[in-house]
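Everything on this sheet refers to the single structure shown next.
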Amino acid sequence: MGVLAHAGADAIEDRLAGHALPGYRRLRGPETGLVMLRGRAGGDGAAFNLGEMTITRCTLRTEDGLVGHAYVAGRDARQAELAALLDALLQDPARHDALHEAVIAPLAAAQAARAAEHARRAAATRVDFLAMATMR
Amino acid sequence: MNDLLPGFADPVLDAQSAFRAVLEAMSRPGRIVAIDRLPEAPVPLMPAAAAVLLTLADADTPVWSDAGDRVVAWLGFHAGCPIASTPLAARFVLATGAAPALDALDPGSEEEPQFAATLILQVQALERPMDGGPEARRSESAAYADKLGSGWRLTGPGIEHAHHLHVIGAPTDFLAQWRAQRPLFPCGVDVILCAGTRLAALPRTVQIEEG
Amino acid sequence: MYVAVKGGEAAIDAAHGWLAAERRGDPALPELTLDQIAQQMTLAVDRVMAEGSCYDRGLAALALKQARGDAIEAAFLLRAYRTTLARFGAAEPLDTGGMRIARRISATYKDLPGGQVLGPTFDYTHRLLDFALAAEGAPPATVPEREADTAVVPRVAELLAREGLMQREPQGEAEPTDLTRDPLTFPADRSARLQNLARGDEGFLLGLGYSTQRGYGNAHPFVGEIRQGRVTVEFTPPELGFPIAIGEIDVTECQMVNQFKGSLTEPPQFTRGYGLVFGHGERKAMAMALVDRALRAEELGEEVTAPAQDAEFVLYHSDNVEATGFVEHLKLPHYVDFQSELENIRAMRADAMGALKQAAE
C-alpha cells in the first residue's frame, strides 16, 4: 500500500496494462477528504495537530468477493481506485505473485532509486571539517 | 466487510438532497416528506432512515443503534460516526424495534440545547389524513381506520393552525413521553419518524394531541 | 452596527473582470502553469501550505496563482477550500527522527553523529542578484552526489537528554487540542500553542522571535538542530485497524536549546523550544521554536515580562487569516457608525466652542 500511495496513477496503470482484471463494484469513493497530521512536542513528546493534508480513499469489492481499501495522499481519484483494486487482487493467492512482480516490485525499485539519489545529494552537502592545525 | 453495501451513489448531491428534505420536515412539523435519492440500506434499516443518518451523522456525532452489527458496520464505514454504547451517550439514536424511552436520551443542556439527541424512529407507516379528516375516511372503511389507529393533532411553530398526522407503529405511550419532555424546553429530544422512503419530523417545539 | 445596502453589482462585476485581466498580465506572455508554480516557486507554495494549514502542493499553487502571488490571500483561499472536505481522521504523529534528511545542521556541536548536512540552502550564497537567471534556457544544473550511508541520524536533543542535561518532553497519549474544531481558550496547553504557531503568520512569529533575542524575554537560544526532509505519513483506517503509509511530505523541524535555571523540583538543565512546519520553512520553524520556548515561561516558573511570553497576546494575533479579516473589515461600509460619530463630534465641538466663547466674554 505504501508503494502505491507514492506512485502516480499513470505509473500504476502502465504496469497493469496487459493484466486481465476482474470487474468490481465501488463500495465507497473514490472520494477526497482530509487527514489531520500530527507532530510531537520536541519531536518525541506529546502529540499536537500540525495541519491537514488532502487524502483520497476508495473501497471496492471485486466480482470474486475480495474487498480492497486504499488511502493515498493527494486528490488523485484514479490512483486511489487503482490502489484499492490492487489491494483486493493482491489478496488472491493466484494473482499475488504475478501482480507483485509486475506492479509493486518495479514501482518500489523506482521509488528506492529516487530516495537513494536524494540521499546521495544530501551526502554531497555534508561538511568535512578540516583541522586548522597551524592556528593552534 | 464482505457483505458491505455502498452508501449514497453520489455522496455530495444525495446528502444535499436529503438535507433539504430533513430541513423541510423540521420546519414544517408533521409534514410528510419523501426522499428521492436513497442509498441501498442494509436490513432492517429503512431507506429514509439510512439517508438521514448518512446525511447528518459524522465523526463528531456518536450514534446508538438497535439495528444489529451489519447496520452498525455500514454506518461506521460510510458516515464515519463513532458508535455509542448507550442511548444516553448518542447524538443520534436509531430505533428500528422497541424504541428507548425519550427520557433515556440526552436532552441537551440549558447552555447547549442544540446538542440534544435526535431520535430516528422507524415506524410502519406515515399517513396524511385525506381531506375531510380521519372521520370521513373512518366512515368509508372501518378496517382502514382501525389500521390507521387514532391520529395526531400537531400545533406549534411552523404550523399555521393545526396539522394532522397518522403514525402507525409508534410506541403506544409515545404521546405521554412527548408531553413529559415539554417542561424541559429549550432542552428536549427531536424525533424524525421514518417509514420506507418517507419521513416526518417532530422538533421539540411541537405539541401533539390525539385527534 | 451594520445595515444591509444594495447596489454596486455592476461595479463589482467590472472589478472582478479587471482583476482577472490583471492576474493574467500581458496576454502576449505565456501563462503560468500550476506545475511551474509548484516546481519553481516552491517556498511560496510551502508557506501557503503552512499558513493555510493544508498540505497539498497543487492546491497551494492554484491558490497562489488565483491570489496573484499574495501569500496571505492564498492561505485564506486554502483555508476556505479545506472547509469543503470531510475529515477522515488523524494520522499517526510524524516520526521526524526517521526523516530522510535533505538538510541537518547543529549550532551546538561541530562533530556530531550524522554530520552537518547543508542541503539546498541559501546560506553561503552571496545575496548578489544573479543576472544569469534573467536569461532563460540555461541547461539544468548538475547536482553533485556522494555515496550516502544509511544510518539513522540521531537527534541532538536526545544526545543531551541521555546525559540528563536536557529536559525530557512530557509523554502522554491524550488527544491533542484541535483549534479547527474547538476555539482557543486560556490557559492554552502546549498542543494548542504548537498548532496555533504552526499555522501562524511567518512575519509575526519572526518579529516575536527576534524580540526574544533582543531582550524582551531573556532568551539565550542555540540551534540544537534544524532538520529538513521527507517523512512518511501513516494513517490507521478504522476498517483495517493497523497503520498504513499514505504518502510522504516535506517538513522542517527546529529544536532550540535554552538554558533553564532549575526550580524547586528540577535541577538546572536545558529546555527545548520546538518548531515544525510544512515544507522548507526554516525561518518559520526557527521563529516558532523561539516563541514556543518563550510561551513556556509560565509553566517553567519564569517571570512573564515580554510580549512573546504572553500567550493571549501571541496566540490571539498570530493567525494571519483572522488578522487580515479583522483589519480589512474596516474598509466595509460603516456609514451608520460614522454618522453617529459625526453627530457626536459636532455636539462636542458645539459645547466646546460655546464654553470658549463664554470664557472669552
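Letters go in sequence order (proteins before strands), and every chain restarts at 1.
- Judged by distance alone, the side chain of C/Q255 and the main-chain N or O of A/G42 form a donor-acceptor pair under 3.5 Å.
- Both the backbone and the side chain of C/R87 come within contact range of chain A, judged by heavy atoms closer than 4.5 Å.
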Evaluate side-chain contact (heavy atoms from CB on, under 4.5 Å) for A/M53 paired with C/F278, printing each intermediate quantity in order.
CA-CA 10 Å; A/M53 177 176 76; C/F278 285 158; 5.8 Å; no

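- If you tally non-hydrogen atom pairs under 4.5 Å between each of C/I244, C/T96, C/L59 and chain A, the highest count goes to C/L59.
- Atoms OG1 and CZ, from A/T54 and C/F88 in turn, are 10.5 Å apart once rounded to the nearest 0.5 Å.
- In terms of non-hydrogen atom pairs under 4.5 Å with chain C, the most contact-rich of A/D128, A/N49, A/V72, A/V127 is A/N49.
- Considering only heavy atoms from C-beta on, C/P237 stays 4.5 Å or farther from A/H69 through its side chain.
- Distance check, rounded to the nearest 0.5 Å: CZ of A/R38 to CG of C/D178 gives 7.5 Å.
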Could you walk me through whether C/R272 and A/D44 satisfy the side-chain contact (heavy atoms from CB on, under 4.5 Å) test, starting with their C-alpha distance in whole Å, then the side-chain angles of each, then the deciding distance to 0.1 Å, before giving a yes or no?
CA-CA 11 Å; C/R272 273 176 266 188; A/D44 55 5; 3.2 Å; yes

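- One distance of note links CD1 of C/I246 with CD1 of A/I55; it measures 3.5 Å at 0.5 Å rounding.
- C/I101 and A/H118 get closest at one heavy-atom pair: O-CE1, 3.6 Å.
- Contact check for A/R120 versus C/R146: no side-chain heavy atoms found under the 4.5 Å cut-off.
- Counting heavy-atom pairs closer than 4.5 Å to chain A, the top-ranked of the candidates C/R104, C/Q171, C/R57, C/E92 is C/Q171.
- Your options are C/G119, C/G172, C/A198, and the one with the most heavy-atom pairs under 4.5 Å with chain A is C/G119.
- Put simply, the side chain of C/R155 gets close to the backbone of A/G43: a donor and an acceptor are under 3.5 Å apart.
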side-chain contact (heavy atoms from CB on, under 4.5 Å) evaluation trace for C/L276 with A/F48
CA-CA 10 Å; C/L276 182 66; A/F48 68 95; 4.1 Å; yes

The test is side-chain contact (heavy atoms from CB on, under 4.5 Å); show your working for A/R126 and C/Q116 and say whether it passes.
CA-CA 5 Å; A/R126 176 169 301 150; C/Q116 308 265 2; 5.9 Å; no

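- Only the side chain of C/T180 comes within less than 4.5 Å of a heavy atom of chain A; its backbone N, CA, C and O stay farther away.
- When the side chain to side chain donor-acceptor pair (under 3.5 Å) test is applied to A/R75, the partners found at least two apart in sequence or on another chain are C/D56.
- Taking the charged nitrogens against the carboxylate oxygens, A/R40 and C/E253 have no contact shorter than 4.0 Å, which rules out a salt bridge.
- A salt bridge links C/R82 with A/E52; the closest basic N to acidic carboxylate O contact falls under 4.0 Å.
- Proximity to chain A (any heavy atom under 4.5 Å) is shown, for C/P144, by both the backbone and the side chain.
- C/P176 and A/A47 make their closest contact through CB-O, 3.3 Å (heavy atoms, listed as atom of the first residue, atom of the second, distance).
- Closest heavy-atom contact between C/A148 and A/A119: CB-O, 3.6 Å.
- By number of non-hydrogen pairs under 4.5 angstrom with chain A, the leading residue of C/L94, C/T177, C/N196 is C/L94.
- Pairing each heavy atom of C/S53 with each of A/G51, the nearest pair is OG-CA, 3.4 Å.
- Using a cutoff of 4.0 Å between basic side-chain nitrogens and carboxylate oxygens, C/E239 and A/R28 are scored as salt-bridged.
- Taking each heavy atom of A/A5 and C/A245 in turn, the nearest pair found is CB-O, 3.6 Å.
- A pairwise comparison of heavy atoms in A/A41 and C/E169 identifies O-CG, 3.4 Å as the closest pair.
- Contacts between C/I105 and chain A at a heavy-atom distance below 4.5 Å are absent for every atom of the residue.
- Neither the backbone nor the side chain of C/E234 comes within contact range of chain A; no heavy atoms are under 4.5 Å apart.
- Interface remark: C/D95 contributes no atoms to any contact with chain A (heavy atom separation under 4.5 Å).
- If you tally non-hydrogen atom pairs under 4.5 Å between each of C/A102, C/G115, C/G229 and chain A, the highest count goes to C/A102.
- Heavy-atom pairs under 4.5 Å with chain A peak, among C/V143, C/V277, C/L179, at C/V143.
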